[in-house]
Student: 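Here it is: the structure, laid out below.
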Amino acid sequence: MERRKFLKNSGLGSAAILGGTLIGACKEQKKEIGVTTAKITKGPIVIATWDVPNATAKAFGILDGNGTSLDAVEQGVMMEEADVSNQSVGKGGRPDRDGNVTLDACIMDKDSRCGAVVYLENIVHAVSVARKVMEETPHVMLAGAGAKQFALEMGFPEEDLLTDASREEWLEWKKTSQYKPVINIENHDTIGMLAIDSNGDIAGACTTSGMAYKMGGRIGDSPIIGAGLFVDNEIGGATATGMGEEVVRTVGSFLIVELMRQGKSPQEACEEGVRRIIAKKENYQDIQIGFIAINKAGETGGYCIHPGFSYRQYSGKGHVNTPAKSFIEA
Ligand code: ASP
């Protein structure tokens, strides 16, 4: 049914028919690749990068009312997108070096459906536009002017995202205009969120204004499915924050989910994800990367390069912020 709808709407008939054979073959293999060894616990849970209690509380409220993990992660990260005091996400995000606030976001659900927007301007809720891309188009990702046009067509309001606080900081930065594509642990904090609902289904979302004072047109890991976020409902999910270029190079979130598939715990998988980056990066001391992960059983983990990264978790056991273990010890 879904596939027929896709063919009808997309006009990509022959490519999809060709893909149909592959899809059929994959379904045959599905039982073998989807191994869940961990014991499934009852009850919803949400985790997010950084200490974002408003976001996790919003998401848990939805889960607790028997809402879906997809609704929970979308509405959870929307809290940060709307919060102008968070200068790395949504409205109030730090601009690129030319003074333009450009947003990147993605979302992925239990059925491996996904949507993303990159270089989106003047729309606060990039994650919701990403969800619309997933639900209303035959595509996964829309960029720049096309993404904005789509958002406006979907009824999203247009507004200036550059707040006075972020403008003033940017003007100050411009005095020296030192373009150093070296991210430090102060100037970035993407919100990545993963949730399991009361049906046991997993979804994830990731949203950011990206690296402060980045080059115009630069895209990081956050809207790239597999890099900034990945979910496989049979195994678990992972999401990233930090210097996106390095996460893209190792397809970090996909790697972590695959490591969990092979039997690693979320904590072990996040640690291996960070180690892979360090192994390929000479000056790894200059960057921060943080990963969080959750498995089908509701076990969680987080790991980073430098101390200072933490993740918020809300479940029936409580609402806690956990400082992640780090490769470089405090
Ligand atoms: N991952 C984001 C990016 O590279 C930055 C961040 O987490 O702050 O765009």
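Computed from heavy atoms alone, side chains included, the values below leave out hydrogens, waters and symmetry copies. Both counts, for ligands and for their atoms, begin at 1 and track the order of listing. Here, residue 1 is the first one in the sequence, and each next residue gets the next number.
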Student: Report, as yes or no, whether the 6.0 Å neighbourhood of atom CD on Glu153 holds more than 12 heavy atoms from other residues, nucleotides or ligands.
Tutor: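 Check passes, neighbour count above 12.
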Student: May I ask you to check whether Phe309 and Trp50 place their ring centers less than 6.0 Å from one another?
Tutor: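 Ring centres of Trp50 and Phe309 closer than 6.0 Å.
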Student: State the atoms of ligand 1, each with its element, that fall below the 4.0 Å cut-off from a heavy-atom position in Asp189.
Tutor: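 Contacts of ligand 1 toward Asp189, numbered from 1: 8 (O).
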Student: Within the distance-only criterion (no hydrogens, no angle test), does the side chain of Ser209 pair as donor or acceptor with the backbone N or O of Thr102 below 3.5 angstrom?
Tutor: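 Such a contact is absent between Ser209 side chain and Thr102 backbone.
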Student: Please list, in number order, the atoms of ligand 1 under 4.0 Å from a heavy atom of Ser222.
Tutor: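 Every atom of ligand 1 under 4.0 Å from some heavy atom of Ser222: 1 (N), 2 (C).
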Student: Judging by distance only, is a nitrogen or oxygen of Gly210 under 3.5 angstrom from one on ligand 1?
Tutor: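 No, no N or O pair falls under 3.5 Å.
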Student: Taking 4.0 angstrom as the limit, do Asp71 and Arg131 come out as a salt bridge?
Tutor: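 Yes, charged N to carboxylate O under 4.0 Å.
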Student: Just which atoms of ligand 1 are under 4.0 Å from any heavy atom in Met211?
Tutor: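 Every atom of ligand 1 under 4.0 Å from some heavy atom of Met211: 9 (O).
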Student: Taking it one step at a time, do Lys264 and Glu272 satisfy salt bridge (charged side-chain N to carboxylate O under 4.0 Å, His left out)?
Tutor: CA-CA 9 Å; Lys264 288 204 186 309; Glu272 179 61 18; 5.6 Å; no
Student: For Asp221, counting its heavy atoms only, list the atoms of ligand 1 lying under 4.0 Å from any of them.
Tutor: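 Reading through ligand 1 atom by atom, the close ones are 1 (N), 2 (C), 3 (C), 4 (O).
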Student: Measuring from the heavy atoms of Arg218, does anything fall under 4.0 Å of ligand 1?
Tutor: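 Yes.
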Student: Would you say ligand 1 has an N or O under 3.5 Å from any N or O of Glu245?
Tutor: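 Among all N and O atoms of Glu245, none is under 3.5 Å from an N or O of ligand 1.
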Student: Which atoms of ligand 1 have any heavy atom of Thr241 under 4.0 Å away?
Tutor: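 Close to Thr241: 6 (C), 7 (O).
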Student: Test your reading of the structure: does Thr190 have an N or O sitting under 3.5 Å from an N or O of ligand 1?
Tutor: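 Min N/O separation from ligand 1 is below 3.5 Å for Thr190.
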Student: Once you measure the plane-to-plane angle for Tyr314 and His319, does it fall in the parallel (<30°), tilted (30-60°) or perpendicular (>60°) bin?
Tutor: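 Tyr314 vs His319 ring planes: parallel.
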Student: Are the charged groups of Asp51 and Arg312 less than 4.0 angstrom apart, N to O?
Tutor: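 Counted as a salt bridge, because a side-chain N and a carboxylate O are separated by less than 4.0 Å.
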Student: Examine Gly242 against ligand 1 and note whether any of their N/O atoms are separated by less than 3.5 Å.
Tutor: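 Such a contact does occur with ligand 1.
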